[in-house]
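Below: the structure, in C-alpha cells.
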Amino acid sequence: MALSTVSRVRRQLPTSPWLFAAPGLLITGAFILYPFGSTLVNAFTDRRTLIPGHFVGFANFRELWHDEMFWTGLRNSTLYIVGVVPALVVLPLLLALLVQKNIPGITFFRSAFYTPVVASIVVVGLIWVWLLDERGLVNSLLETIGVGRIGFLSDQWLLLFSAMAVTVWKGLGYYMIIYLAALASVPRELHEAASVDGAGAVRRFFTVTVPAVRSTMVLVGALSSVAAFKVFSEVYLMAGPSGGPAGEDTTLVMLVQRTGTGLTGRVGYASALSVVVFVVTVVLMLLVLRADRKEDS
C-alpha cells in the first residue's frame, strides 16, 4: 500500500504546480489577456456598443490621423509627461533625504507625506476643485491680498497645470518610500569619506547620493512616465467630462472613455485609441531602459 501511494504521488507531482498556479492564471487570462486580445481585434472593426461590427482594416487608425481631438489628447498627454515626470523624479528624492534621519517626530512627517497616496483620487480631486474654484479658498485669499481671482479651472493651460500639481502632490509620498528603501542601502562610509575630503552637503548629494540611487531614479522615471501618459482621474475631475474649455484639456485616456462608452459608443474606434496608448507606453518604457543602458556603458 505504501509503495502504491508513493508511486501515485509521483505521477501527480508534474501537474501539482499547475494546480497552484491555476487561480492566478485564470484571473490573468480573464482580466488581462482576454481584454487585451479583444481590444486588439476590435481596433480593426467598426463595432459599437450594441452592434458586433465588421472588419474594416486600418480604417480606424486612418481616421485617428485626421481626428483633431486625437492630436489634442496626444499633445496634452505628452505635456503631462514633461510637466510631471521631472518633478516626481527629483522632489521625492529630496523629500526622502529630509525624512531619512531618525529624529524625534519624524514618523509624523513620514505619515503626513504619505497620506495623499492612500487617499481616494476622487476625494483628492474634489478637495482641489474646491480649493481652486472661482469662489474657492485660494481665490478668496488672492482677492483678499489684492491679486484678484485667477481662473485655475476655466483657463485651458492653468487647468492642465493644476491637474499636474495634483498628480505631483499625490505621488510624492509613494515615490518617497521607494527612495527611502534605496537610500537605506547606500553605505554610510561613502558619505563619511566624502566629508573627510571636504565635500559639502550639495557636493555629497551629486557625487554620492545620486550615483547610488540612479537605478531607482530610472525606475521612478519609467513608472511616472507611464502613469502620466495614461492620466485620467485628475483631469476628468477638474476639467469635467467635456475636457475643459472646448475640450482642449482632453487626454488620450479621456478620449477613449468618451468615445467608447454609452449606448452608441464607438468601441472599435476607442479600441484603436487604446492600441495607440499601449504602443506609446511601451515605447516610453523602452526609451527609458535604453537611456539607462547607455549611461551604464
Side-chain angles (χ1 to χ4, degrees), residues 26-81 120-126 128-129 133 151-160 162-164 166-167 226-284:
L26 289 175
I27 294 174
T28 302
F31 296 101
I32 297 179
L33 297 180
Y34 175 75
F36 176 79
S38 178
T39 300
L40 193 61
V41 172
N42 289 331
F44 298 94
T45 69
D46 59 354
R47 181 178 178 180
R48 292 181 177 269
T49 302
L50 300 177
I51 303 175
H54 302 86
F55 179 77
V56 294
F58 290 91
N60 290 324
F61 296 94
R62 287 194 295 268
E63 184 178 349
L64 282 177
W65 185 261
H66 301 286
D67 188 353
E68 293 184 3
M69 287 306 302
F70 166 73
W71 294 109
T72 298
L74 182 61
R75 178 200 66 194
N76 292 331
S77 296
T78 304
L79 287 176
Y80 221 87
I81 294 177
S120 169
I121 183 59
V122 177
V123 174
V124 169
L126 290 176
W128 278 85
V129 167
D133 189 65
F152 293 105
L153 303 181
S154 57
D155 181 82
Q156 171 191 345
W157 299 111
L158 286 179
L159 196 155
L160 192 64
S162 299
M164 292 179 186
V166 175
T167 300
V226 173
F229 190 77
K230 298 191 301 180
V231 66
F232 172 78
S233 301
E234 293 92 324
V235 181
Y236 184 86
L237 290 169
M238 302 185 74
S242 61
E248 288 296 323
D249 292 299
T250 301
T251 64
L252 282 181
V253 178
M254 288 180 64
L255 189 59
V256 172
Q257 184 269 343
R258 185 190 310 166
T259 306
T261 56
L263 295 178
T264 59
R266 300 180 60 193
V267 178
Y269 189 68
S271 298
L273 282 167
S274 301
V275 170
V276 172
V277 172
F278 172 76
V279 171
V280 174
T281 301
V282 172
V283 170
L284 282 174

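Keep in mind that the numbers below use all heavy atoms, side chains included, and drop hydrogens, waters and symmetry copies. Source: prediction; values computed, not measured.
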(Q) In the structure I gave you, are the side-chain heavy atoms of L273 and V277 within less than 4.5 Å of one another anywhere? (A) no

Q) Could you state the interatomic distance from OG (S274) to NZ (K230), rounded to the nearest 0.5 Å? A) 11.0 Å

Q. What residues form a side chain to side chain contact (heavy atoms under 4.5 Å, CB included) with A43, not counting sequence neighbours?
A. F61, S271, A272, V275

Q: Using side chain to side chain contact (heavy atoms under 4.5 Å, CB included) as the criterion, list what pairs up with W157, not counting sequence neighbours.
A: R75, L79, D155, L160, F161

Q) What residues form a side chain to side chain contact (heavy atoms under 4.5 Å, CB included) with S233, not counting sequence neighbours? A) I121

(Q) Could you check whether any side-chain heavy atom of L74 comes within less than 4.5 Å of a side-chain heavy atom of T251, counting everything from C-beta outward? (A) no

Q: Go through W128 and E234 one step at a time and tell me if the side-chain contact (heavy atoms from CB on, under 4.5 Å) criterion holds.
A: CA-CA 10 Å; W128 278 85; E234 293 92 324; over 6 Å; no

Q. Does a side-chain heavy-atom distance below 4.5 Å link T28 with L33?
A. yes

Q.
Checking S162 now: which residues fulfil side chain to side chain contact (heavy atoms under 4.5 Å, CB included) with it, not counting sequence neighbours?
A. L132, F152, M238

Q. Side chains of T250 and R258: closer than 4.5 Å at any heavy-atom pair?
A. yes

Q | Over all atoms of both residues, closest heavy-atom pair of G57 and F44 | A | O-CD2, 3.2 Å

Q. Quick one: does T39's side chain have a donor or acceptor within less than 3.5 Å of a partner on P35's backbone?
A. yes

Q: State which residues pass side-chain hydrogen bond (donor to acceptor under 3.5 Å, both in side chains) with S242; sequence neighbours excluded, sorted by chain then number.
A: none

Q: Mind checking the CG-CH2 spacing from L255 to W71? Nearest 0.5 Å is all I need.
A: 13.0 Å

**Q.** Enclosure of F58 CZ (heavy-atom neighbours >12, cutoff 6.0 Å)
**A.** no

Q) Going by the side-chain hydrogen bond (donor to acceptor under 3.5 Å, both in side chains) test, which pairs reach into residues 261-270, not counting sequence neighbours? A) E63-R266, D67-Y269

Q | Euclidean distance, L153 CG relative to D249 CG, rounded to 0.5 Å | A | 10.0 Å

Q) Within a strict 4.5 Å, meaning less than it, do heavy atoms of the F70 and V276 side chains meet? A) yes

Q. Does the side chain of L252 reach to within under 4.5 Å of the side chain of V256, using non-hydrogen atoms?
A. no

Q. What are the two closest non-hydrogen atoms of P245 and S154, and how far apart are they?
A. CG-O, 3.1 Å

(Q) I need the minimum non-hydrogen distance between L159 and A239, along with the two atoms involved. (A) CD2-CB, 3.5 Å

Q: Mark yes or no for whether D133, through its side chain, and V129, through its backbone, hold a donor-acceptor pair below 3.5 Å.
A: no

Q: Check whether any side-chain heavy atom of F55 sits under 4.5 Å from a side-chain heavy atom of D46, and report yes or no.
A: no

Q.
Restricting to non-hydrogen atoms, name the atom on G260 and the atom on A270 that form the minimum distance, rounded to 0.1 Å.
A. CA-CB, 3.6 Å

Q: Would you name the heavy atoms of T45 and V56 that are closest together and state the gap between them?
A: C-CG2, 3.6 Å

Q: Could you verify whether a donor N or O on one side chain and an acceptor N or O on the other, from Y80 and T167, lie under 3.5 Å apart?
A: yes

